[in-house]
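One structure is given here, and the rest of the page talks about it.
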Number of protein chains: 2
Amino acid sequence: MVTIYDIAAKASVSAMTVSRVINNTGKISDKTRAKVKRVMDELNYVPNQMARSLVLQQTHILSLLITDIMNPFYTTLSRGAEDAAIKHGYRLLFGNSDENVQKEAAYINTLLTARVDGVLVAPAGDPSLPHLEKLRKHEVPFVLIDREVPGIECDIVLGDSKEGARALVEHLIAHGHRNIAILNGSSSISSARLRLQGYLEALKLNDLPIDDTRIYETSFGPMNDLSEMDRWLSRMAPLPTAIVAGNNALALEIIRLLRSKGLSVPDDISVVCFDDFGPYAELDPFITVAAQQAYQFGYLGMQMLIERIKEGSDAGPWRKIVLPAELIVRRSVKSV
Amino acid sequence: MVTIYDIAAKASVSAMTVSRVINNTGKISDKTRAKVKRVMDELNYVPNQMARSLVLQQTHILSLLITDIMNPFYTTLSRGAEDAAIKHGYRLLFGNSDENVQKEAAYINTLLTARVDGVLVAPAGDPSLPHLEKLRKHEVPFVLIDREVPGIECDIVLGDSKEGARALVEHLIAHGHRNIAILNGSSSISSARLRLQGYLEALKLNDLPIDDTRIYETSFGPMNDLSEMDRWLSRMAPLPTAIVAGNNALALEIIRLLRSKGLSVPDDISVVCFDDFGPYAELDPFITVAAQQAYQFGYLGMQMLIERIKEGSDAGPWRKIVLPAELIVRRSVKSV
DNA sequence: TATTTTAAAGTTATCGATAACATTTTTATC
DNA sequence: GATAAAAATGTTATCGATAACTTTAAAATA
């Protein structure tokens, strides 16, 4: 491993001079600079970021912790976050919690030992509170995306889940649906709660009855037990004419389930959901969705995080960005 | 920031004793161990990985460098790689080169300064050679996935691109197609070259003519210029009855283009492609594909990388794993 | 009880860089 | 040409941990 001392020796200067050349600090004669640079090239020198970080007390690494790397909402969000991070000269450490609070906790411990400069987190849910408090205690700046966690004050980028859900349900009602079920994520997740609220409000405003058997909660993740979902469907008599899915992954699952039972979407049951399918919407622009601005979630969140890091302790008040969702009407809703 | 010295002072022991407690090394009395642990808890101590890495000369961080984080082939692969890395106690730094050699180069420089223990790379193409040589020169173990790079010998996980492409073309021929075009990735990418070879061989074996105007090369990435692709289509008279897309992203693009021109898939033109669509195949199981074992690419590649790191210099010969592709017949091919 | 052995600590140097201060060299000014 | 000012370079301490060696205390043996 080539170090600045090797460079220094071969160029007959001190290590400090080499450091100055590398960082372009202090005053150095052109002759010395050229000589040092030549030796650095010859020896293929690469600075050691560990050593640097140890002295400087900052790593210039940020982290993005998402809950499902297979979900296009999060991959698109990742692109936004990465673009913003790179633009400001940071590197990005990705993590994937799989909607699992334990995995998330382990990941945050790792980030703490790695001394990352900041974290952009889509928390697994309300039980993420202790980890976030741990970050706070260790003074690691963080910004939440997509989900609020009661008990923690911080910068946050949210989608307008309630309004988006309302729009989806109103759309169904406008197409004559009266018997609308909702397949949602866990109520320990703020966005799921708000989507349920939007659903309930829309029903109330249209004087439709609320029926608890038509509300089903499971994981937003992609690995649900379809047989349980199946039992839920069976419990409903009559079947709903439309189902609102709390996110895109759930929409795919319910559609798969319905098809496996010989039911057609939308001929037998209409399905709408939160979040679009990224480039895969092209596959067959089929499902009517409340599309969120995934890229912006990542980009704006990362930007806030970096600003917060640069401000340091003289920080302003917490900021909250709420991005609207856009209803994209496709072919998964039938008029009844 | 709490350090082992703070712990040491408060527990009235030396820093070395604290270090021993943390790492469970050396001999320590139960009483001392308990006391140190208590103080560590009280002060919320978290070890500094930078300092540790500096001494130990290893970071326990691995990196996965992919070319398109939005592509389900790579996100699925990422899951496999992550699972294998975590299983062996490593952390994973993700990177996204966007099929861009410059971006890849920058990323590899970063990895070098971060002193990661190893890298799993899906190289942007043959021009990635210099970066890989740089890794080699700095003795950073790496494993290639999905794409070979002439000039570099290393462990590698590949898909059987030639055979997969042949199977796709044979499938088309079996359905009566005689006029088959190919929309492929850049010929600077080994897998694209092999897919073209498979295509050509299948045509030859079936005594079909080869027509250069029916072969079009662009980027595997998701941001192609459709107008140029459009001009390619226009140059072909008559239009092909079927198109083989070199990967899933290209399939989506050509389908979008065809639809925008009022052409239907498969009624007017059949389309098949390499790589499946992950969970989005559920959206509408529509396109006939040669599906690769994406998860295994990541899992096996990461496993090889970790073995290579642990073996150290007494390494065995380079290993090459070739995973077959599976033809999944759906509804994007019409018999003619 | 004296001596050896083992257990349980402590000291010092080191990893590779940079900050802060110190010194030497060069250039400018009178 | 002497002196001050500025430019260029060097020295030392430090970041937070661990390895290698050393010392001290306790237990085992003669």
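First the proteins, then the strands, lettered A, B, ... as listed; each starts at 1. Source: prediction; values computed, not measured.
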Would you say dG16(C) has OP1 or OP2 under 4.0 Å from some side-chain N or O of T3(A)? no
Using whole Å, what does the distance between atom C1' of nucleotide dT9(D) and atom NZ of K35(A) come to? 11 Å
Would you mind reading off the distance between D30(A) atom CG and dT26(C) atom C1', rounded to a whole angstrom? 15 Å
Any salt bridge between D155(B) and R308(B), counting N to O under 4.0 Å? yes
Pairing donors with acceptors under 3.5 angstrom, does anything connect the side chains of N44(A) and K134(B)? no
Give the rounded distance in Å between these two atoms: CD of Q58(B) and C1' of dA17(D). 14 Å
In degrees, rounded to 10°, what is the bend between the two ends of the helix from dT1(C)-dA30(D) to dC30(C)-dG1(D), using five pairs at each? 50°
Determine whether D117(A) and Y90(A) make a side-chain contact, defined as any pair of heavy atoms from C-beta on separated by less than 4.5 Å. yes
Any Y45(B) side-chain nitrogen or oxygen under 4.0 Å from OP1 or OP2 of dA17(D): yes
Could you list by number each residue of residues 15-29 of chain A showing a heavy-atom separation from DNA chain D of less than 4.0 Å, or answer none if no residue does? M16(A), T17(A), R20(A), K27(A), I28(A), S29(A)
For the residue pair Y295(A) and D83(A), confirm or rule out a side-chain donor-acceptor distance under 3.5 Å. yes
Separation of atom CG in D6(A) from atom C1' in dA17(C), rounded to whole Å: 13 Å
Listed partners of R79(B) passing side-chain hydrogen bond (donor to acceptor under 3.5 Å, both in side chains), at least two apart: D98(A)
Please state how far atom CD1 in I7(A) lies from atom C1' in dT18(C), giving the value in whole angstrom units. 16 Å
L54(A) CG - dT14(D) P separation (whole Å): 14 Å
Stepwise side chain to side chain contact (heavy atoms under 4.5 Å, CB included) test for S53(B) and Q58(B): CA-CA 5 Å; S53(B) 300; Q58(B) 55 161 340; over 6 Å; no
Less than 4.0 angstrom between a side-chain N/O of Q57(B) and OP1 or OP2 of dT18(D), yes or no? no
Regarding T32(B), tell me which of base, sugar-phosphate or nothing describes its non-hydrogen contacts under 4.0 Å with the strands shown. sugar-phosphate
Between F220(A) and D68(A), does a side chain to side chain contact (heavy atoms under 4.5 Å, CB included) hold up when you go through it step by step? CA-CA 9 Å; F220(A) 271 146; D68(A) 182 5; over 6 Å; no
Roughly, in whole Å, what's the span from CD1 in I4(A) to P in dC15(C)? 12 Å
Heavy-atom nearest nucleotide on DNA chain C for R33(B) versus M50(A): which residue maps closer to 5'? R33(B)
So that I can tick it off, tell me whether R147(B) and E99(B) are bridged by a salt bridge, with the cut-off set at under 4.0 angstrom between side-chain N and carboxylate O. yes
Distance in angstrom units between R52(B) CZ and dC15(C) C1', rounded: 15 Å
With heavy atoms under 4.0 Å as the rule, sort Q49(A) into base, sugar-phosphate or nothing. nothing
Could you go through the side-chain hydrogen bond (donor to acceptor under 3.5 Å, both in side chains) check for D6(A) and Y45(A) one step at a time? CA-CA 9 Å; D6(A) 302 322; Y45(A) 170 74; over 6 Å; no
